[in-house]
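First comes the structure, then the notes that go with it.
Note that the coordinates shown come from a computational prediction; the quantities given were computed from them, not determined experimentally. First listed ligand is number 1; within each ligand, the first listed atom is number 1.
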Amino acid sequence: MTLTTTLTIPRPDDWHVHLRDGSILEAVVGHTAAQFGRAIVMPNLTPPVTTAEQAVAYHQRILNALHKTAPGSQFKPLMTLYLTNNTTAEEIRRASESGVVYGVKLYPAGATTNSDAGVTDVLRYCGAALEAMQECGLPLLVHGEVTDPSVDLFDREAVFIDRIMIPLRKQFPALKVVFEHLTTAEGVAYVSEAEGDIGATITPQHLLYNRNAIFSGGLRPHWYCLPVLKREKHRLALVEAATGGSKRFFLGTDSAPHVKGRKEQDCGCAGCYTALHAMELYAEAFDAVGRLDQLQAFASENGPAFYGLPVNQDTITLQRQEFEIPDQLQLGDEVLVPLANGRKLAWSIVKA
Ligand code: OTD
Ligand code: ZN
Ligand code: ZN
């Protein structure tokens, strides 16, 4: 058997990314645009993107930042709406007709960064919105963790499946659902076996690392994200899901930039920055189990199939050539620390 040294695949898409706003947006959008054709852009700004009008305006700010920092880029941002207890069916229809909104994001209130305005009880308050989404074919993108303080942090995804996901999908069986940033064996089993139109995104950090990374030789704030890294058995289940050929699993980096000082403080922010080197990280994970042949389906095909979009027509090429992750990135006035900074990866992008 010869060792694969180059890999050319249709340009991948990132089905879950945080691009932020203002100067951070300008600093990071070029990284995502350099690797990906499209990206589902999360709406957890302050204030959150809760209306179609706000989504259209944010879409334009992203394009402006792109034209300023990566002129000529063909990157296409796909927008999302932030679901609240008060989202109306009319707002969902406006979003669906806006031409820029591709999903509606469910954040259980308090589950992650900027989720304070999120939903407190989805089945109680969001019925009309979910009904309208089901009718319009607009997918529900789910941060699948309960926030009940009596539930252990590491069990929040598994408990969410029983308490929220199963009853919600029973009530809205035709609703398209993405279980975002899946992190557990229970999540993999549920998404693999559930009936109906369901998919899941998987991040590079949850494929490559387990929770030991957060505590290795000291407290490592740059390895802290939500949902938090889990035990090794969960990582192995995620790798099997991503590389196993099921069309339900696709790429979503959850790249979530926070400036260095906001991560390295007494209450550090959650989020890993991976937009710079996303495909290099995924290639590392697939190569580690000898399944580089599955990277194309996971990164370039399964996501478009779920969202009913065409596969990108251009390509990227990865080469087995060492890539050293920079210690930090000076982006305008900001300093960002990329995930796994200082480490070496086996694959680089040669044509992007
Ligand atoms: N997780 N950080 C953020 C969002 C995600 O739950 C997420 O999607 C963020 O900073 O916006 C994080 O750790
Ligand atoms: Zn989330
Ligand atoms: Zn996210």
Side-chain angles (χ1 to χ4, degrees), residues 13-22 24-25 27-29 32 36 39-49 58 77-84 102-119 122 139-147 153-154 156-157 160-161 164-165 177-184 187 191 199-207 209 211 213-214 220-230 238 250-265 267-275 278 303 334 336-339:
D13 304 296
D14 185 350
W15 300 99
H16 181 138
V17 72
H18 299 266
L19 294 180
R20 313 301 193 204
D21 216 341
I24 299 245
L25 168 62
V28 303
V29 69
T32 292
F36 298 107
I40 287 274
V41 181
M42 289 296 134
N44 62 331
L45 305 180
T46 35
V49 180
Y58 184 31
L78 312 176
M79 309 310 292
T80 57
L81 217 60
Y82 185 115
L83 188 68
T84 73
Y102 287 78
V104 178
K105 187 69 202 268
L106 166 60
Y107 289 106
T112 188
T113 306
N114 293 345
S115 61
D116 296 349
V119 170
V122 63
L140 179 70
L141 316 182
V142 181
H143 180 111
E145 291 192 293
V146 295
T147 53
L153 183 79
F154 292 93
R156 289 181 174 184
E157 184 172 290
F160 184 90
I161 295 169
I164 314 282
M165 197 61 126
V177 171
V178 182
F179 206 137
E180 297 290 342
H181 46 49
L182 207 60
T183 65
T184 61
V191 172
T201 53
I202 305 181
T203 78
Q205 65 265 29
H206 292 98
L207 289 176
Y209 310 109
R211 65 192 192 177
I214 311 165
R220 304 280 182 178
H222 298 289
W223 298 82
Y224 171 58
C225 65
L226 291 171
V228 77
L229 294 172
K230 302 293 192 306
L238 293 165
F250 40 89
L251 186 158
T253 61
D254 202 9
S255 181
H258 292 280
V259 298
K260 185 169 150 80
R262 302 261 297 163
K263 297 226 21 115
E264 300 174 5
Q265 59 171 350
C267 186
C269 294
C272 297
Y273 189 63
T274 53
E334 318 288 0
L336 285 178
V337 176
L339 182 73

More than 12 heavy atoms of other groups within 6.0 Å of R220 CZ: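 Count over threshold, so yes.
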Would you list the protein N, O or S atoms within less than 2.8 Å of the Zn ion (ligand 3), leaving out water?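 Sorted hits: H16 NE2, H18 NE2, D254 OD1.
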Using the side-chain contact (heavy atoms from CB on, under 4.5 Å) rule, pick out the option among [options] that qualifies with [X].
| X | options | result |
| --- | --- | --- |
| V178 | L141, L106, V191 | L141 |
| L339 | T203, T253, T274 | T274 |
| D14 | L19, L251, V41 | L251 |

Could you state the interatomic distance from [atom1] ([X]) to [atom2] ([Y]), rounded to the nearest 0.5 Å?
| X | Y | atom1 | atom2 | value |
| --- | --- | --- | --- | --- |
| S255 | F36 | OG | CZ | 9.0 Å |
| I24 | Y273 | CD1 | OH | 9.0 Å |
| K105 | E180 | NZ | CD | 5.0 Å |

Tell me, please, which residues at least two apart from Y82 pass ring pair (Phe, Tyr, Trp, His ring centres under 6.0 Å).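 Scan of Y82 (ring pair (Phe, Tyr, Trp, His ring centres under 6.0 Å), adjacent residues dropped) gives Y107.
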Answer yes or no: does an N/O atom from [X] fall short of 3.5 Å to an N/O atom of ligand 1?
| X | result |
| --- | --- |
| G271 | yes |
| K105 | no |
| C225 | no |
| Y107 | no |

Give the residue, atom name and distance (to 0.1 Å) of the protein heavy atom nearest [atom].
| atom | result |
| --- | --- |
| atom 2 (N) of ligand 1 | A270 O, 2.9 Å |
| atom 1 (N) of ligand 1 | L226 O, 2.7 Å |
| atom 4 (C) of ligand 1 | H18 NE2, 3.4 Å |
| atom 3 (C) of ligand 1 | T113 OG1, 3.6 Å |

Can you list the ligand 1 atoms lying under 4.0 Å from a non-hydrogen atom of [X]?
| X | value |
| --- | --- |
| N44 | 9 (C), 11 (O) |
| A256 | 2 (N), 3 (C), 9 (C), 10 (O) |
| H16 | 8 (O) |
| H258 | 9 (C), 10 (O) |
| H181 | 6 (O), 7 (C), 8 (O) |

Pair K230, T183: side-chain N/O donor-acceptor within cut-off below 3.5 Å: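 Yes, a side-chain donor-acceptor pair sits under 3.5 Å.
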Does even one non-hydrogen atom of E180 get within less than 4.0 Å of ligand 1?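 For ligand 1, residue contact (heavy atoms, under 4.0 Å) with E180 is absent.
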Could a heavy atom of E145 be found less than 4.0 Å from some atom of ligand 1?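 E145: no contact with ligand 1 (<4.0 Å).
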Answer with side chain, backbone, both or neither: which part of M42 has a heavy atom less than 4.0 angstrom from an atom of ligand 1?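 Contact part for M42 vs ligand 1: neither.
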Part of K263 within contact of ligand 1 (heavy atoms, under 4.0 Å):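 Looking at K263 and ligand 1, no heavy atom falls under 4.0 Å.
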If you compare all heavy atoms of [X] against all heavy atoms of [Y], which two are closest, and at what distance to 0.1 Å?
| X | Y | value |
| --- | --- | --- |
| A213 | L229 | CB-CD1, 4.1 Å |
| C269 | K263 | O-NZ, 2.9 Å |
| L226 | A111 | CD1-O, 3.6 Å |

For a 4.5 angstrom cut-off between non-hydrogen side-chain atoms, does L78 reach W15?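 Yes. Closest side-chain heavy atoms under 4.5 Å.
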Considering the options H206, H16, H143, which one meets the side chain to side chain donor-acceptor pair (under 3.5 Å) requirement together with H181?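 That would be H143.
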